[in-house]
Structures are given as structure tokens and as C-alpha cells.
Student: 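This is the structure I want to talk about, given as C-alpha cells.
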Amino acid sequence: MKQRLALPVGITATGQFYPERIVTNTDLANLVDTSDEWILTRTGIRTRRWVEPGVASSDLGAEALKMALERRGITADDLDAIVVATVTPDMFFPCTAALIQHKIGASNAYGFDVNAACSSFLFGLTTGAGLIAGLGMKRVAVVGCDVMTSIMDKSDRNTAVLFGDGAGAAILEQVEEGYGILDFEHRLDGSGAPFLCMPGGGSLHPSTAETVAAKMHYIHQDGKEVYKRAVRDMAEVSRLMLDRNGIGTGDLALFVPHQANVRIMDAAAKRLELPSERMASNIGEFANTTSATLPTALHQSVETGKLHKGDLVVLAAFGAGFTWGGALLRWV
Ligand code: UT7
């Protein structure tokens with residue numbers, strides 16, 4: 001199999017962190033006009049985690065990264081760079097990478113944030129790998145962290161039931177030939193912007209009393225359009241990578257799709273003719289944590305013994321922009 005990167009780069013450790021507070025569908029039914037039955041059958045979500053006030057993305061990301069460092073047996077000082085994937089930075093600037101760097105004391109690392117909505121971690125992963133393969137860095141952390149409750153209208157049943165807060169982290173290093181990131185495919189289509197966005201608070205509509213009154217600082221989504229595109233596009237890029245590497249579905253150990261809706265995930269897996277046992281799923285317990293879905297699903301697959309050295313893994317993501325893509329890995 002041909003390796004796309006100039007050097008083989010792979011994930012050598014993972015970590016995760018969720019806030020303690022568990023919010024059930026029944027809890028939400030006390031806030032908005034919804035039901036456990038509607039949420040479960042339409043999305044597959046049973047519970048999600050919400051932060052307490054004052055807890056930000058960098059707090060979750062720092063904890064997830066500490067776990068990944070510990071699992072790898074290295075210290076924060078061993079990192080050359082921190083790439084943070086998030087759509088809910090603590091602030092517009094400084095970047096969340098800086099805040100995490102300070103929190104964990106990574107005195108030798110530089111860093112920056114990547115925002116490609118739900119594809120942020122995927123794009124951050126290959127960007128981080130590029131820092132090793134192209135710029136000669138030794139150890140790069142990629143952290144996906146989001147506090148979705150900070151941009152979610154808790155009185156809007158269309159979005160309030162879908163998201164959760166959480167973080168996942170991965171350590172990237174040069175690995176053996178034939179392992180790590182074998183291939184990737186990334187896409188961008190800005191005509192999708194109106195279908196999923198947070199319109200207020202940026203340079204187009206800076207925050208004013210009017211933008212806040214119009215709830216422009218919250219997520220706006222045309223769920224149906226996003227749904228259709230997510231199924232089609234995640235399946236398409238995954239198939240493309242498998243085909244061009246001569247990999248049959250039967251050879252794939254694990255499909256790790258973005259966790260936005262179990263129906264989307266199942267439909268994409270079905271198009272790939274993959275049985276559900278070979279699809280990583282944490283949406284039922286944690287809902288859609290945006291930038292954290294892929295690294296946490298990977299971490300949990302490792303921890304539960306579903307992912308072993310040599311396994312072929314496909315990551316697939318779809319998000320606002322539209323942004324989407326995939327990566328094919330041989331697990332280290
Ligand atoms: O990670 C970013 C990418 N985001 C996604 O991938 C999300 C993609 N979209 C989806 O997951 C689904 O479209 C949703 C879960 C958002 C909605 O599911 P759906 O099967 O597409 O439902 P729908 O939008 O067709 O809504 C059906 C009905 C509507 O009522 P009417 O207009 O038919 O009377 C909604 O108002 O369900 C209503 N509804 C709800 N009812 C109870 C919407 N949200 C709720 C709710 N509880 N929470």
C-alpha cells in the first residue's frame with residue numbers, strides 16, 4: 001500500500017475527557033417540547049455531558065491531552081506542537097492551543113487552532129501529521145475539544161437535544177513503514193454554509209444587543225439537508241479511499257464516522273456494506289461532541305480492545321461548511 005505522507009506518521013496514544021454532569025433525554029423533556037422516544041428513535045442519543053458554568057473547551061482539551069501524554073509515557077515538554085480542533089474556542093483569540101499549552105506547561109510547543117466544524121479533528125490530524133512529515137517535528141498533539149452547550153439554544157428543541165461537551169486527544173509521531181496514516185481525502189464546499197452555521201458574533205454580524213435578541217449566537221441548522229449530505233459524502237470518501245488502496249470492506253477492522261446521528265452513521269456503514277459491530281459508536285452516551293467525536297471514539301475503541309496493532313481503520317467526518325473527508329490508518 002502506498003503511503004500518502006512523505007514519512008509514515010501515526011497515532012501513538014489517545015486520551016479523552018468529559019464533564020461529570022449527565023443530562024438524559026428525560027431531563028431535556030423538562031426543558032423543551034420533546035421526548036425520550038423522539039430523541040432516541042431519531043438520533044440514537046440517550047445521554048450527553050454538559051459542563052458547569054465557567055468550564056471552557058481548553059479545560060476539557062487539557063485534561064484529554066494529559067491522559068494521552070500519560071498513556072504514551074511522555075511529558076508536556078516533549079511536545080513540539082499542539083493543534084487544537086474546535087468550533088467553540090474559549091475566546092476568539094488567543095487560540096485555544098495557547099490556553100492548553102499554558103495549562104499543561106508544554107514549554108517547547110507552538111500551536112494553533114483548526115476550525116472546520118465537525119471535520120476539525122480530521123483536518124487537524126492530517127495537518128499535525130504534516131508538521132512531522134513535512135516540517136520535521138517529532139511529537140505533535142492533536143486535541144479535539146468542544147463545549148457545544150456554549151453555542152446551543154437550550155430552548156430550541158431542534159438543536160438542544162443533539163449536542164454534548166467533551167474532548168479527545170491524540171499524540172502523533174513517526175511510526176514504522178506501512179503503519180499510521182496511509183491515505184486521506186479532504187473536501188470543502190462553501191455553498192453549504194447557510195445550512196449549518198452560527199451567524200452572529202463574527203465580522204459579518206458582530207455581537208450587538210440585536211444579534212443576541214435574534215439568537216444569532218446559536219447554532220442554526222437545516223437538519224434534513226445536512227443529514228442527506230453527511231450520509232452520501234462520508235460513504236463516498238470512505239469508499240474512494242478503500243478502492244484506491246485495494247482494500248475490501250471485509251479487511252476493514254473499524255469504521256469511525258463522525259457521531260452526529262446514529263441513523264446517519266448506520267446509513268453510511270450500510271453503503272459500505274459494513275456490519276454495525278465494525279462501526280465505532282459513542283453517540284448514544286455522549287451525543288454529538290463535534291471536534292471530539294473522532295478522537296473519543298478512537299480512544300474508547302482502544303480501551304475496550306476493539307482496535308489492535310495492524311488493524312485498518314477508516315475515519316470519516318462531515319460538518320458545517322460543508323467540510324468533509326476521511327483518513328485511512330493502519331493502527332500502530
Ligand atoms: O455534526 C454536524 C452535522 N449535523 C448533523 O449531521 C445533523 C443532521 N441532521 C439530523 O441528524 C436530523 O435531521 C435531525 C435529528 C436534526 C432531525 O431529524 P429528522 O428525522 O430529520 O426530523 P425532521 O427535521 O424531519 O423533524 C421532524 C419533526 C418536525 O416536526 P414537523 O415540522 O414535522 O411537525 C420537528 O419540528 O420533528 C420535530 N422535532 C422534534 N420533535 C420532538 C424536531 N426536533 C424535535 C425534538 N423533539 N427534539
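Note that ligands are numbered from 1 as they come in the structure, with each ligand's atoms numbered from 1 the same way. For the numbers below, each heavy atom of this structure counts, side chains included, while hydrogens, waters and symmetry mates do not.
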Student: Can you list the atoms of ligand 1 that are under 4.0 Å from a heavy atom of V161?
Tutor: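 Those of ligand 1 that fall under 4.0 Å from V161 are 48 (N).
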Student: Any nitrogen or oxygen of S35 lying under 3.5 Å from a nitrogen or oxygen in ligand 1? Just yes or no.
Tutor: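 No: no nitrogen or oxygen of S35 is under 3.5 Å from one in ligand 1.
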Student: Protein heavy atoms: any of them under 4.0 Å from atom 7 (C) of ligand 1?
Tutor: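 True for atom 7 (C) of ligand 1.
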Student: Does R4 make a cation-pi contact with F184 (under 6.0 Å, within 45 degrees of the axis)?
Tutor: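 Flagged: R4 positioned over aromatic ring of F184.
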Student: Just checking, is any N or O donor in the side chain of T249 or E273 under 3.5 Å from an acceptor N or O on the other one?
Tutor: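 No, E273 and T249 have no side-chain donor paired with an acceptor closer than 3.5 Å.
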Student: Heavy-atom contacts with T34 under 4.0 Å: which atoms of ligand 1 show up? List them by number with element.
Tutor: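 Listed by number with element, the hits are 42 (C), 46 (C), 47 (N), 48 (N).
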Student: For atom 21 (O) of ligand 1, is the nearest protein heavy atom under 4.0 Å away?
Tutor: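 Answer yes: something from the protein, a heavy atom, is under 4.0 Å.
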Student: Tell me the protein heavy atom at minimum distance from atom 43 (C) of ligand 1, and give that distance in Å.
Tutor: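 Closest protein heavy atom to atom 43 (C) of ligand 1: N158 OD1, 3.2 Å.
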Student: When rounded to the nearest 0.5 angstrom, what is the spacing between CG in D27 and CD1 in I22?
Tutor: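 Going from CG on D27 over to CD1 on I22, the span is 10.0 Å.
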Student: Rounded to the nearest 0.5 Å, what separation is found between the CD1 atom of I171 and the CE atom of M67?
Tutor: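 Going from the CD1 atom of I171 to the CE atom of M67 covers 12.0 Å.
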Student: Give the atoms of ligand 1, by number and element, whose distance to some non-hydrogen atom of N261 is under 4.0 Å.
Tutor: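 Counting from 1, the qualifying ligand atoms are 10 (C), 11 (O), 12 (C), 15 (C).
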Student: Hey, is D78 close enough to R72 for a salt bridge, meaning N to O under 4.0 Å?
Tutor: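 No salt bridge links D78 with R72.
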Student: Just which atoms of ligand 1 are under 4.0 Å from any heavy atom in N288?
Tutor: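 It comes down to these atoms of ligand 1: 1 (O), 2 (C).
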Student: Could you point out which residue of D36, T34, T43 forms a side chain to side chain donor-acceptor pair (under 3.5 Å) with N25?
Tutor: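 The residue from D36, T34, T43 that satisfies side chain to side chain donor-acceptor pair (under 3.5 Å) with N25 turns out to be D36.
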Student: Any protein heavy atom sitting closer than 4.0 Å to atom 34 (O) of ligand 1?
Tutor: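 Flag for atom 34 (O) of ligand 1 set to false, no protein heavy atom closer than 4.0 Å.
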Student: Please check atom 39 (N) of ligand 1 for a protein heavy-atom neighbour under 4.0 Å.
Tutor: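 True for atom 39 (N) of ligand 1.
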Student: Is there any N or O on H258 that sits under 3.5 Å from an N or O of ligand 1?
Tutor: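 In this structure, H258 places an N or O atom under 3.5 Å from an N or O of ligand 1.
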Student: Nearest protein heavy atom to atom 27 (C) of ligand 1, by residue and atom, and its distance?
Tutor: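 In this structure, atom 27 (C) of ligand 1 has R42 NH1, 3.4 Å as its nearest protein heavy atom.
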Student: Name the residue from T293, T290, T86 that meets the side chain to side chain donor-acceptor pair (under 3.5 Å) definition with D146.
Tutor: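 With D146 as partner, T293, T290, T86 yield a single side chain to side chain donor-acceptor pair (under 3.5 Å), made by T86.
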Student: Answer yes or no for K309 and Y179: cation-pi contact, defined as NZ/CZ to six-membered ring centre under 6.0 Å and angle to ring axis within 45°.
Tutor: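 Here K309 passes the 6.0 Å and 45° test against Y179.
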Student: Looking only at protein heavy atoms, which one is nearest to atom 30 (O) of ligand 1, and how far off is it?
Tutor: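 Closest protein heavy atom to atom 30 (O) of ligand 1: R157 NH2, 4.3 Å.
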Student: Looking only at protein heavy atoms, which one is nearest to atom 23 (P) of ligand 1, and how far off is it?
Tutor: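 Residue, atom and distance for the closest contact: K224 NZ, 3.6 Å.
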Student: Geometry only, no angles: is G223 polar-contacting ligand 1 at N/O separations under 3.5 Å?
Tutor: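 Between G223 and ligand 1 (N or O atoms, distance only) the closest approach is under 3.5 Å.
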Student: Out of curiosity, Q174 CD to E177 CD, how far, rounded to the nearest 0.5 Å?
Tutor: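 Interatomic distance, Q174 CD to E177 CD, rounded to 0.5 Å: 8.5 Å.
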Student: For atom 17 (C) of ligand 1, what's the nearest protein heavy-atom neighbour? Residue, atom name and distance, please.
Tutor: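 Result: W38 CH2, 4.0 Å.
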Student: With heavy atoms of I264 as the reference, note each atom of ligand 1 found under 4.0 Å away.
Tutor: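 Reading through ligand 1 atom by atom, the close ones are 6 (O), 8 (C).
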Student: Check the surroundings of atom CD in E225: do more than 12 heavy atoms from other residues, nucleotides or ligands lie under 6.0 Å from it?
Tutor: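 Atom CD in E225 is crowded, with more than 12 foreign heavy atoms closer than 6.0 Å.
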Student: Can you tell me if A230 contacts ligand 1 (heavy atom of the residue under 4.0 Å from the ligand)?
Tutor: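 Distance cut 4.0 Å: A230 fails for ligand 1.
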Student: Is the ring pair F286/Y18 parallel, tilted or perpendicular, if the boundaries are 30 and 60 degrees?
Tutor: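 Parallel, since the angle between the ring planes stays under 30°.
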